[in-house]
Amino acid sequence: MAARGTNAKQVVSEKIKQAFGADYVGMADGKIYVYADDGGEKVQIAIGMTCPKVPFNPANEEMDFSAMANAATQVTPSYQPAQMDEKELDNVRAMIAEFGL
(Lines give C-alpha, C1' and ligand atoms only; values in the text may rest on other atoms or scores of the structure.)
Protein backbone atom coordinates (compact mmCIF):
# COMPACT_ATOMS: atom_id res chain seq x y z
CA MET A 1 0.00 0.00 0.00
CA ALA A 2 1.37 3.40 -1.01
CA ALA A 3 1.90 6.04 1.64
CA ARG A 4 -0.70 8.76 1.94
CA GLY A 5 -0.08 11.54 -0.56
CA THR A 6 2.15 9.51 -2.91
CA ASN A 7 -0.07 9.98 -5.95
CA ALA A 8 -0.66 13.65 -5.16
CA LYS A 9 3.11 14.25 -4.85
CA GLN A 10 3.61 12.76 -8.32
CA VAL A 11 0.96 15.09 -9.76
CA VAL A 12 2.53 18.13 -8.06
CA SER A 13 6.01 17.04 -9.17
CA GLU A 14 4.83 16.85 -12.79
CA LYS A 15 3.26 20.33 -12.53
CA ILE A 16 6.52 21.75 -11.14
CA LYS A 17 8.45 20.05 -13.95
CA GLN A 18 6.16 21.63 -16.55
CA ALA A 19 6.25 25.04 -14.87
CA PHE A 20 10.06 25.20 -14.71
CA GLY A 21 10.65 23.65 -18.14
CA ALA A 22 14.37 23.79 -18.97
CA ASP A 23 15.13 24.96 -15.41
CA TYR A 24 13.85 21.67 -14.01
CA VAL A 25 16.89 19.60 -12.94
CA GLY A 26 15.35 16.41 -11.57
CA MET A 27 14.21 14.58 -8.46
CA ALA A 28 16.34 12.76 -5.90
CA ASP A 29 15.83 11.68 -2.28
CA GLY A 30 12.27 13.01 -2.26
CA LYS A 31 13.30 16.51 -3.35
CA ILE A 32 12.70 18.31 -6.62
CA TYR A 33 15.65 20.34 -7.92
CA VAL A 34 15.17 23.42 -10.12
CA TYR A 35 17.25 26.39 -11.23
CA ALA A 36 16.18 29.94 -10.32
CA ASP A 37 17.62 33.41 -10.82
CA ASP A 38 19.13 34.88 -7.66
CA GLY A 39 19.72 38.43 -8.85
CA GLY A 40 21.83 37.60 -11.88
CA GLU A 41 23.23 34.31 -10.62
CA LYS A 42 21.54 31.01 -11.43
CA VAL A 43 21.23 28.86 -8.29
CA GLN A 44 19.73 25.48 -7.63
CA ILE A 45 16.72 25.23 -5.32
CA ALA A 46 15.64 21.98 -3.65
CA ILE A 47 11.92 21.61 -2.99
CA GLY A 48 10.86 19.01 -0.43
CA MET A 49 7.28 17.73 -0.33
CA THR A 50 5.33 16.22 2.52
CA CYS A 51 1.71 15.38 3.08
CA PRO A 52 0.89 17.03 6.43
CA LYS A 53 -1.32 15.28 8.95
CA VAL A 54 -2.94 18.60 9.83
CA PRO A 55 -3.65 20.81 6.81
CA PHE A 56 -2.17 24.32 6.74
CA ASN A 57 -4.85 26.98 7.10
CA PRO A 58 -3.44 30.43 6.21
CA ALA A 59 -6.75 32.23 6.83
CA ASN A 60 -6.91 30.92 10.43
CA GLU A 61 -10.42 29.75 9.74
CA GLU A 62 -11.91 27.15 12.02
CA MET A 63 -11.10 23.70 10.72
CA ASP A 64 -13.18 20.53 10.80
CA PHE A 65 -11.21 17.87 12.61
CA SER A 66 -14.08 15.35 12.70
CA ALA A 67 -12.36 13.25 10.02
CA MET A 68 -9.40 12.84 12.36
CA ALA A 69 -11.55 11.58 15.24
CA ASN A 70 -10.90 7.97 14.28
CA ALA A 71 -7.19 8.46 13.60
CA ALA A 72 -4.87 6.18 15.49
CA THR A 73 -3.14 7.80 18.42
CA GLN A 74 0.16 6.78 19.89
CA VAL A 75 0.49 6.70 23.65
CA THR A 76 3.95 7.46 24.95
CA PRO A 77 4.90 5.16 27.80
CA SER A 78 5.93 6.84 31.03
CA TYR A 79 9.62 7.64 31.33
CA GLN A 80 11.75 5.04 33.07
CA PRO A 81 15.32 6.17 33.77
CA ALA A 82 18.08 3.68 33.06
CA GLN A 83 19.11 1.53 35.99
CA MET A 84 22.78 0.67 36.48
CA ASP A 85 23.70 -2.67 37.97
CA GLU A 86 26.48 -3.05 40.53
CA LYS A 87 29.12 -3.88 37.88
CA GLU A 88 28.37 -0.64 35.98
CA LEU A 89 28.49 1.38 39.21
CA ASP A 90 31.89 -0.18 40.05
CA ASN A 91 33.18 0.81 36.59
CA VAL A 92 31.99 4.40 37.07
CA ARG A 93 33.56 4.58 40.55
CA ALA A 94 36.86 3.25 39.15
CA MET A 95 36.86 5.84 36.36
CA ILE A 96 36.07 8.67 38.79
CA ALA A 97 38.97 7.58 40.99
CA GLU A 98 41.32 7.14 38.01
CA PHE A 99 40.54 10.61 36.64
CA GLY A 100 40.67 12.18 40.09
CA LEU A 101 37.19 13.62 39.87
Side-chain angles (χ1 to χ4, degrees):
M1 182 170 129
R4 181 173 177 254
T6 301
N7 294 333
K9 287 179 193 177
Q10 289 174 345
V11 170
V12 170
S13 176
E14 188 58 36
K15 287 182 180 181
I16 291 172
K17 182 178 181 178
Q18 290 173 3
F20 278 89
D23 286 330
Y24 176 83
V25 178
M27 187 167 181
D29 299 325
K31 293 181 184 173
I32 299 169
Y33 293 85
V34 297
Y35 282 114
D37 185 337
D38 189 33
E41 179 185 0
K42 203 169 193 180
V43 296
Q44 215 174 68
I45 301 294
I47 304 167
M49 291 189 296
T50 62
C51 185
K53 290 181 183 177
V54 178
F56 172 66
N57 186 0
N60 289 327
E61 297 171 6
E62 195 167 317
M63 296 177 69
D64 179 14
F65 289 96
S66 61
M68 295 181 66
N70 296 328
T73 57
Q74 181 178 0
V75 177
T76 305
S78 62
Y79 174 74
Q80 295 293 327
Q83 300 294 317
M84 293 200 301
D85 61 23
E86 203 55 41
K87 182 179 177 183
E88 290 172 315
L89 286 171
D90 289 341
N91 286 340
V92 171
R93 288 182 191 115
M95 286 191 292
I96 288 172
E98 189 171 327
F99 292 121
L101 299 175

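Positions are given from 1 along the sequence.
When the side-chain contact (heavy atoms from CB on, under 4.5 Å) test is applied to Q18, the partners found at least two apart in sequence or on another chain are E14. By the side-chain contact (heavy atoms from CB on, under 4.5 Å) test, V43 pairs with D38, E41, I45, sequence neighbours left out.
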Only pairs under 3.5 Å count here: list side-chain donor-acceptor contacts from residues 21-29, not counting sequence neighbours, and write none if there are none.
| unit_1 | atom_1 | unit_2 | atom_2 | d |
| --- | --- | --- | --- | --- |
| D23 | OD1 | K42 | NZ | 3.0 |

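Neither M49 nor Y33 shares a network with the other; the hydrophobic side chains, linked directly or stepwise wherever heavy atoms of I, L, V, M, F, W or Y lie under 4.5 Å apart, form separate groups for each. If you chain together hydrophobic residues whose side chains sit under 4.5 Å apart, V12 and I47 fall into the same group.
Shown here for C51 and G5, the closest heavy-atom pair between the two residues is SG-CA, 4.0 Å. For A46 against K31, the heavy-atom pair with the smallest separation is CB-CD, 4.1 Å.
Grouping Ile, Leu, Val, Met, Phe, Trp and Tyr residues whose side-chain heavy atoms lie under 4.5 Å apart, directly or via other members, places M84 in a hydrophobic cluster with L89, V92, M95, I96, F99, L101.
Counting only residues at least two apart or on different chains, the salt bridge (charged side-chain N to carboxylate O under 4.0 Å, His left out) pairs with a member in residues 82-101 are E86-R93, D90-R93.
The local environment of NZ in K9 is crowded, with over 12 non-hydrogen atoms from other residues, nucleotides or ligands closer than 6.0 Å.
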